[in-house]
Structure formats: structure tokens, C-alpha cells
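Okay, so here's the structure we're looking at.
Below, all heavy atoms of this structure are taken into account, side chains as well, without hydrogens, waters or symmetry copies. Treat the numbers as computed from the prediction; the structure is a model and nothing was measured.
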Amino acid sequence: MAQTDETEAATDWTGRPFSCQDCPHNELRAGGRCVLGRICVRDKRSRRIDAFFGKNPDQAGAYVDHLYFEVRALAAKYASLFQIVRLMSDREPEVRAMAALRLPLSRVKEMRGDKDSAVRVACALRLEGADLVVMANDESERVRFTVARRLDPSLLPMMIGDKDPTIRRFIAGRLPPERLFALIHDADPLVRREAAERIVPDALGQLVADPDLRVRFVVADRAPREIAVRLIADEDEEVSARARERRDETVK
């Protein structure tokens, strides 16, 4: 039978098996708050470590300096803020990221220039307003995408020139319709299609001759009928068919 997280033998972070005989938490074990193979801070598996701190959050502070980074990261999830301040400069980005998710915003601001993008993403998940805007030009696409997710839509026009089309497409899905005009001429067809799906219908006349059939189909589907019928002779059959359907719509 294949081993699962619940049946795999207990080994520590160095790969060596261990038992409860020399465990410093015998009193917790007696109360069911430390169970070999399930709830154990000495185990290499993060789920078992996390279960230990979840049951015993008061123990987390004693492990923020542990040699194993998974233990430090999970201890940071439960320890007091005073105990995790020093983890801002931990050698492992996973630990620093956890600290950024919990520390006061004044401390998080100090970490937004961290060399690791995972830490900067954590900062972007916490910061607000002008402190978040500063991160809109981050070199990492993951960080910029996080910023685009969290910025107020009124501030998103500052990111419509982002070099990543995936980010521009996401922005096109969040901008108010009246702010989408710049993106209907984007170099990427998927960005133009997203903008075409949401922009005010009267503006779709600018996309009748778009080189991408997916964009033209949106025009045939959403534009006012007098614009849609201009695509009846379109080279793509689906676009042409939709334009004919629009021509034949009953005027209400």
C-alpha cells in the first residue's frame, strides 16, 4: 500500500527517524496536542508541523530560530509579532514572506525591496494606497500582477503600459468601461478582446477592421446593430454569421 501523509514514518528534517522517548513535549502528548506522525514539531512534513503549532500556538516563539526553515516559517505564522520581527532578515525567503504577512504595515514597507519576489508578493498583499503604488513597476510579473489585483480601479490606468500582456488583460477586466479606450488598440489581441467585451458598445466601431477574428466577433456580438452589420462580409464565417443574426434582429 502506498504511503500517505498520515501513514509515512516519522522522520525529522535531516531524514532521520525519531520517537517520542526524548521529546520535550511529553506533557502535550499526554493531552493529545502532540501525536507522533500527525501533530509533531520534530517531523519534516509541514502539515504535521503546522498542526503542532495550531494546537500549541504558545510554543511557536520557542521555534522561530530553529535550524529548519519550514519550522521557522510555520512558527512565524503563530508566534507573537514581537518574536517574529527578527525574521525580517531571515536567510530563507519563505520565512521572510510569512513575517511580511503578519508584521505591522510600517515593518512591511521596509521589506518591499526584498531581493526575493515571493517576499515582495507578500508585501503587495498587505500594503495599501501609495505604499502599494510604489510596487507597480516591480521587475517581477508576479508582484505586478498582485499589485494590479489590489489597486483601486481608479489607479489602474497607470499600469496599462505594463510589458506583460497577461497583466494588461487583467487590468482590462477591472478598469471602468469608460477608461478602456487605450486598451482597444493594445498590441495583444487577447487584451483587445477583453477590452472589447467591456467597453461602451458605441466605441466598438473602432474595432470593425481588427486583425483578430476573436475581437471582430465581439464587435459583431456587442456593437450597436448599425456597426455589427458592417461585418456581414467578414472573411470568418462565425463573425459573418453573427453579424447576419444581428441584421435580422427584431427591432424593439
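Here the closest heavy-atom approach between residue Pro201 and residue Pro224 is recorded as O-CD, 3.3 Å. Heavy atoms only, all atoms of each residue included: Leu81 and Leu103 are closest at O-CD2, 4.0 Å. The two residues Ala136 and Met158 come nearest to each other via the heavy atoms CB-CE, 3.8 Å. Nearest heavy-atom pair, Val143 versus Met135, reported as atom, atom and distance to 0.1 Å: CG1-CE, 3.9 Å. Contact record, Ala228 with Arg246: CB-NH1, 3.7 Å, taken as the closest heavy-atom pair. The minimum heavy-atom distance linking Pro165 with Val191 is given by the pair O-CG2, 3.4 Å.
Between Leu175 and Leu183, the closest side-chain pair of non-hydrogen atoms falls below 4.5 Å. Within the 4.5 Å cutoff, no side-chain heavy atoms of Asp138 are placed close to those of Val147. Between Glu128 and Arg150, some side-chain heavy-atom pair lies under the 4.5 Å cut-off. Looking at Glu70 and Glu94, their side chains come closer than 4.5 Å, going by heavy atoms from C-beta outward. Using a 4.5 Å heavy-atom cutoff, the side chains of Pro24 and Gln59 are not in contact. No side-chain heavy atom of Arg33 sits under 4.5 Å from any side-chain heavy atom of Ile39. Val85 places a side-chain heavy atom less than 4.5 Å from the side chain of Arg107.
The existence of a salt bridge linking Glu238 and Arg214 is excluded, since no basic side-chain nitrogen approaches an acidic carboxylate oxygen closer than 4.0 Å. Between Asp186 and Arg168 there is a salt bridge, with a side-chain nitrogen of the basic residue lying less than 4.0 Å from a carboxylate oxygen of the acidic one. A salt bridge is absent between Arg96 and Asp116; no separation between the charged side-chain nitrogens and carboxylate oxygens falls under 4.0 Å. With respect to the salt-bridge test (charged N to carboxylate O, under 4.0 angstrom), the residues Arg193 and Asp210 do not qualify. Ion pairing of Arg216 with Asp234 is present here, as a side-chain N (NZ or NE/NH1/NH2) and a carboxylate O approach within less than 4.0 Å.
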Next item on the list: Test Glu178 against Val200 for side chain to side chain contact (heavy atoms under 4.5 Å, CB included), laying out the working first.
Entry: CA-CA 7 Å; Glu178 65 273 13; Val200 290; 5.7 Å; no
Notebook entry, point to check: Between Asp58 and Asn56, does a side chain to side chain contact (heavy atoms under 4.5 Å, CB included) hold up when you go through it step by step?
Noted result: CA-CA 5 Å; Asp58 58 308; Asn56 309 284; 4.0 Å; yes
Item checked: Full working for side chain to side chain contact (heavy atoms under 4.5 Å, CB included) between Arg126 and Cys123 -> CA-CA 5 Å; Arg126 296 284 317 285; Cys123 293; 5.9 Å; no
Margin query: What verdict does the side chain to side chain contact (heavy atoms under 4.5 Å, CB included) test give for Leu155 and Val133, after you've listed the backbone C-alpha separation in whole Å, the side-chain angles of each residue and the deciding distance to 0.1 Å?
Written below: CA-CA 8 Å; Leu155 296 173; Val133 167; 4.0 Å; yes
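Considering Glu197, Glu194, Arg192 in turn, Glu197 is the only one that fulfils the side-chain contact (heavy atoms from CB on, under 4.5 Å) rule with Val218. For the side chain to side chain donor-acceptor pair (under 3.5 Å) with Arg144, the qualifying choice from Thr166, Asp162, Asn137 is Asp162, the only one to do so. Among the candidates Phe53, Trp13, Phe69, the single residue satisfying the ring-ring contact (aromatic ring centres under 6.0 Å, His included) test with Tyr63 is Phe53. For the pairing with Tyr68, the side-chain contact (heavy atoms from CB on, under 4.5 Å) check across Val41, Leu74, Asp12, Ile49 returns one residue only, Ile49. Checked options Asp90, Val119, Val71; the residue passing with Val95 is Asp90 (criterion: side-chain contact (heavy atoms from CB on, under 4.5 Å)).
Under the 3.5 Å distance criterion, the side-chain polar atoms of Arg42 are matched with a main-chain donor or acceptor of Ser19. For the pair Arg102 (side chain) and Ala79 (backbone), a donor-acceptor distance under 3.5 Å is present. Using modelled atom types, one side-chain atom of Arg198 and one backbone atom of Ala172 make a donor-acceptor pair closer than 3.5 Å.
A donor-acceptor contact closer than 3.5 angstrom links the side chains of Tyr78 and Asp50. Side chains of Ser240 and Arg244: a donor on one and an acceptor on the other come within 3.5 Å. For Arg16 and Thr14, the side-chain atoms include at least one donor-acceptor pair closer than 3.5 Å.
Note that CZ of Arg222 and CZ of Arg242 are 12.0 Å apart. Values are rounded to the nearest 0.5 Å. For the atom pair CG (Asp248) and CZ (Arg225), the distance works out to 8.5 Å, reported to the nearest 0.5 Å. The CD atom of Gln83 sits 10.0 Å away from the CG atom of Asp65 when rounded to the nearest 0.5 Å. Taking CG of Asp202 as the reference point, atom CG of Leu204 lies at 8.5 Å (rounded to 0.5 Å). The line from NZ of Lys55 to SG of Cys40 is 14.5 Å long, rounded to the nearest 0.5 Å. Summarising the geometry, atom CG belonging to Leu151 is positioned 11.0 Å from atom OG1 belonging to Thr146; distances are rounded to the nearest 0.5 Å.
Val134 and Met159 are not part of a single hydrophobic cluster, where members link through side-chain heavy atoms under 4.5 Å apart. Note on Leu67: it clusters hydrophobically with Val64, by side-chain heavy-atom contacts below 4.5 Å among ILVMFWY residues. In terms of hydrophobic clustering, with Ile, Leu, Val, Met, Phe, Trp and Tyr side chains grouped at heavy-atom distances under 4.5 Å, Ile227 and Phe181 are assigned to a common cluster. There is a path of hydrophobic side-chain contacts, each under 4.5 Å, that joins Phe217 to Val208. In terms of hydrophobic clustering, with Ile, Leu, Val, Met, Phe, Trp and Tyr side chains grouped at heavy-atom distances under 4.5 Å, Ile84 and Met88 are assigned to a common cluster.
No more than 12 heavy-atom neighbours from other residues, nucleotides or ligands sit within 6.0 angstrom of CZ on Arg179.
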